[in-house]
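We name chains A, B, ... by the order of the sequence lines, and we start the count at 1 in each one.
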Amino acid sequence: MEQVRVRIAPSPSGNLHIGTARTALFNYLYAKKNNGKYILRIEDTDAERTSQEYIDNIFDSLKALGLSWDEGPDVGGEYGPYTQSERFDIYPKYAQMLVEKGFAYECFCTPEELEAEKEEATKNKQAYVYSKKCENLTEEEKEKLRAEGRKPAIRFSVSKAQKAFHNSSMLKFNDLVKGELHQDMDLIGDFVIMKSNGTPTYNFAVVIDDMLMKISQIIRGEDHISNTFKQILIYEALGAEIPQFGHLGMILAPDRSKLSKRHGATAVSEFVEKGYLIDALVNFVALLGWSPSDGNEIKSVDEIAQDFRIGELSASNSIFEYDKLNWMNSQYIKKLSLEELKERLKPFLEKYDLSELTEEQYSRMVEVTREPLTILSDITDAVPYFFGENVEIEESVKTDVLAAENSKKVLKEFVERAKNWSFDEETLHHKLEEFRGFFKEQGIKPKETMWAIRAAVTGRTRGADMCAILAILGKDKVIKRVNQCL
RNA sequence: GCCCCCAUCGUCUAGAGGCCUAGGACACUUCCCUUUCACGGAGGCGACAGCGAUUCGAAUUCGCUUGGGGGUACCA
């Protein structure tokens with residue numbers, strides 16, 4: 001296949017999952033690296049589980065991730081429509097074609113009959129394979145069943161395909177990331193390709209769509225490996241060219257189970273709401289399975305694309321640990337310009353009245369509080385003392401710091417002196433230095449001196465640079481708070 | 001149960017027979033810087049799942065065992 005065409009095909013039965021995001025990323029990277037096209041297709045054959053809300057979420061998240069698609073439901077393209085529910089009229093034709101070629105047949109079995117077969121198999125400790133009892137139904141028998149009101153599903157005949165295209169029962173393909181994979185076709189039961197309600201099953205719809213959309217490489221999670229064998233059989237029966245497959249390890253939770261809500265966020269949008277930067281998220285997720293050749297792990301999508309080789313991806317599963325994500329997010333926060341950071345922080349400062357601060361004061365506040373931020377939402381608890389007249393004093397601060405005799409001495413002296421200071425940072429810096437020196441001679445450590453002031457003004461023992469805090473708050477508020485404390 | 005995939009520090013990984021007394025990153029930890037927290041800097045701790053086989057030589061090849069994951073639907 002000359003043109004590289006890859007796709008991401010989420011099914012809108014939930015918000016865009018972080019695992020799907022990673023699959024999307026690797027497809028995007030592959031397309032980028034190979035000058036190919038990257039296509040978005042919505043797989044909504046199961047009407048029960050799809051909702052517009054999820055579709056919107058998937059679009060928004062994918063866009064936010066910066067993985068823009070060349071063809072898709074919204075932007076269109078040569079091979080549309082790109083939403084499976086809008087393609088329902090094209091699947092029956094191909095199913096019919098397979099029936100005519102003898103690679104598929106109508107099946108009238110009821111769910112109960114099928115269930116019984118399955119139970120029988122488990123009882124005998126055998127792999128369940130459909131009995132094929134409908135494969136050789138005569139026209140009369142079919143008519144009779146139809147007359148009973150039964151609606152047939154269409155099943156793919158694995159044995160027919162095997163006879164037509166293979167010498168042995170071993171089906172093999174060369175996976176882009178895992179190497180040679182194989183499966184005994186005798187263990188693949190005749191699977192349904194068209195449901196009795198006339199809609200295609202997943203395995204059938206994907207093949208038809210990927211074929212028609214000329215997809216050249218299919219990169220997806222390894223939970224699809226078993227589907228791949230079925231799909232290869234369909235391609236062969238259709239006489240279509242078989243694309244290359246690449247199966248990625250899965251993302252697991254720290255307890256090695258599937259990543260789910262009980263482990264925290266799973267959707268990209270949830271991470272964003274929590275204060276993760278989308279660039280950090282993408283970078284982090286890329287590192288699950290891929291590693292940079294130069295050892296520098298902080299990289300943009302474009303940089304990763306240059307360095308991306310699908311064969312070098314890890315074949316194993318990887319565990320999603322927050323530690324590294326957090327570190328990475330903090331690195332990306334550090335790289336943000338002050339202006340950008342000021343904007344991004346606003347959603348997390350809604351509980352405060354930002355109008356209390358001038359633009360300059362807000363800038364300075366962000367500047368002096370940004371250092372320890374891991375996620376944007378950390379700002380919420382980092383800045384309460386910049387707002388309001390009074391300040392809430394932490395219990396431990398009251399008992400440990402403020403109760404100390406030295407603290408009272410320091411604070412009294414502070415009020416006396418500060419009255420005459422000009423509250424700009426430069427002056428404060430010098431004055432406080434003098435101030436510390438004054439107490440040091442009396443045997444009070446600089447640290448203690450500063451703690452007393454910090455405790456009285458912010459109610460805490462830790463926080464941003466003291467001079468900046470004092471300057472932003474201004475003389476009146478500072479003295480008021482200290483007096484109140486005394 | 002049956003089938004498939006995977007297996008290097010706690011985690012993400014480098015490593016494609018000798019360059020490995022196994023390298024990096026995160027986490028943890030020690031020290032330094034410092035008016036606090038943090039940031040930053042310099043160190044430290046820490047792994048080839050087990051057993052066999054091939055080979056002069058194996059983390060790297062093969063087999064078995066164990067462990068983990070996935071699939072087993074008229075879900076996708």
Side-chain angles (χ1 to χ4, degrees), chain A residues 9-14 43-46 48-50 84 107 109-111 114-115 118 121-129 151-155 175 178-179 181-184 186-189 191-203 205-206 221-229 247 249-250 252 254 256-258 284 287-293 295-298 312 314-328 330 334 369-374 382 401 429 432-433 435-436 445-451 453-455 458 460-467:
Chain A
S11 109
S13 55
E43 311 223 317
D44 58 347
T45 37
D46 188 2
E48 298 268 310
R49 307 199 308 173
T50 82
Q84 281 184 334
C107 171
C109 292
T110 61
L114 265 12
E115 198 50 47
K118 242 175 269 181
T122 27
K123 215 197 297 176
N124 298 330
K125 301 191 172 184
Q126 298 270 301
Y128 169 67
V129 205
K151 290 248 193 304
I154 298 177
R155 280 185 190 271
D175 192 89
K178 287 178 187 280
L181 262 30
H182 53 85
Q183 164 77 236
D184 186 345
D186 292 342
L187 265 18
I188 304 176
F191 52 93
V192 172
I193 56 175
M194 291 295 288
K195 304 177 201 174
S196 52
N197 68 6
T199 63
T201 59
Y202 164 75
N203 273 316
V206 216
E222 71 174 30
D223 49 338
H224 283 289
I225 290 178
S226 57
N227 288 326
T228 304
F229 295 101
H247 291 95
M250 319 241 54
L252 268 28
R256 296 187 180 272
S257 68
K258 220 160 118 184
F284 171 71
L287 256 21
L288 263 26
W290 173 83
S291 69
S293 55
N296 179 201
E297 296 186 325
I298 307 271
E312 290 171 6
S314 163
S316 48
N317 295 338
S318 39
I319 292 173
F320 189 102
E321 285 277 8
Y322 273 87
D323 282 336
K324 190 144 183 178
L325 204 217
N326 287 340
W327 169 77
M328 186 147 286
S330 73
K334 284 184 199 3
T369 52
R370 68 181 295 175
E371 195 71 39
L373 297 180
T374 296
V401 183
H429 190 78
L432 280 172
E433 206 170 353
F435 191 71
R436 284 194 295 272
K445 286 185 208 147
K447 206 185 248 186
E448 248 184 298
T449 310
M450 295 305 282
W451 270 37
I453 299 171
R454 182 179 292 279
T458 72
R460 306 175 168 205
T461 55
R462 45 172 69 176
D465 177 76
M466 215 42 237
C467 296

Using the side-chain heavy atoms of [X], tell me which of these nucleotides is nearest: [options].
X: Leu288(A); options: U36(B), C3(B), C12(B); answer: C12(B)
X: Met250(A); options: G70(B), U35(B), U13(B); answer: G70(B)
X: Ile319(A); options: U11(B), U36(B), G1(B); answer: U11(B)
X: Ala127(A); options: C3(B), C2(B), C6(B); answer: C2(B)

**Report entry** Nearest heavy atoms of Met250(A) and Asp223(A), plus distance in Å
**Finding:** CE-OD1, 3.6 Å
Pick base, sugar-phosphate or nothing for [X], based on heavy-atom distances below 4.0 Å to the nucleic acid.
X: Leu432(A); value: nothing
X: Glu371(A); value: base
X: Arg454(A); value: base
X: His182(A); value: sugar-phosphate
X: Gly289(A); value: sugar-phosphate
X: Lys334(A); value: sugar-phosphate

How close or far is atom [atom2] of [N] from atom [atom1] of [X], stated in whole angstroms?
X: Leu187(A); N: U72(B); atom1: CG; atom2: P; result: 14 Å
X: Phe191(A); N: G71(B); atom1: CZ; atom2: C1'; result: 14 Å
X: Arg462(A); N: U34(B); atom1: CZ; atom2: P; result: 20 Å
X: Arg370(A); N: C37(B); atom1: CZ; atom2: C1'; result: 17 Å

Query raised in the report: Between C28(B) and G10(B), how far is it from one C1' atom to the other, in whole Å?
Result: 9 Å
Query raised in the report: In whole Å, what separates the C1' atom of U8(B) from that of U60(B)?
Result: 11 Å
Only pairs with both distances under 3.5 Å count, Watson-Crick or wobble alike; so what is the partner of [N] in this structure?
N: U36(B); value: none
N: C26(B); value: G10(B)
N: A47(B); value: none
N: G1(B); value: U72(B)

Under 3.5 Å between N/O atoms: give me all the protein pairs with nucleotides 74-76 of chain B, atom names plus distance.
unit_1	atom_1	unit_2	atom_2	d
C74(B)	O2	Ser196(A)	N	2.7
C74(B)	O2	Ser196(A)	OG	2.9
C74(B)	N3	Ser196(A)	OG	3.1
C74(B)	N4	Cys109(A)	O	2.8
C75(B)	OP2	Lys195(A)	NZ	2.8
C75(B)	O2'	Asp46(A)	OD2	2.9
C75(B)	O2'	Arg49(A)	NH2	3.4
C75(B)	O2	Arg49(A)	NH2	3.2
A76(B)	OP1	Thr45(A)	OG1	3.0
A76(B)	OP1	Lys195(A)	NZ	2.9
A76(B)	OP2	Tyr202(A)	N	2.9
A76(B)	O3'	Glu43(A)	O	3.2
A76(B)	O2'	Ser11(A)	OG	3.0
A76(B)	N6	Asn227(A)	OD1	3.2
A76(B)	N6	Asn227(A)	ND2	3.0
A76(B)	N1	Asn227(A)	ND2	3.4

**Report entry** Check: Asn203(A)/Thr201(A) side-chain N/O donor and acceptor closer than 3.5 Å
**Finding:** no
Polar atoms only, N or O, under 3.5 Å: list the protein pairs with nucleotides 24-26 of chain B and their distances.
unit_1	atom_1	unit_2	atom_2	d
G24(B)	N2	Glu297(A)	OE2	3.4
A25(B)	O2'	Glu297(A)	OE1	2.7
A25(B)	O2'	Lys324(A)	NZ	3.1
A25(B)	N3	Lys324(A)	NZ	3.2
C26(B)	O2'	Asp323(A)	O	3.3
C26(B)	O2'	Lys324(A)	N	3.2

Report summary line: Ranking Trp451(A) and Ser291(A) by the position along RNA chain B of their nearest nucleotide, the one closer to 5' is Ser291(A)
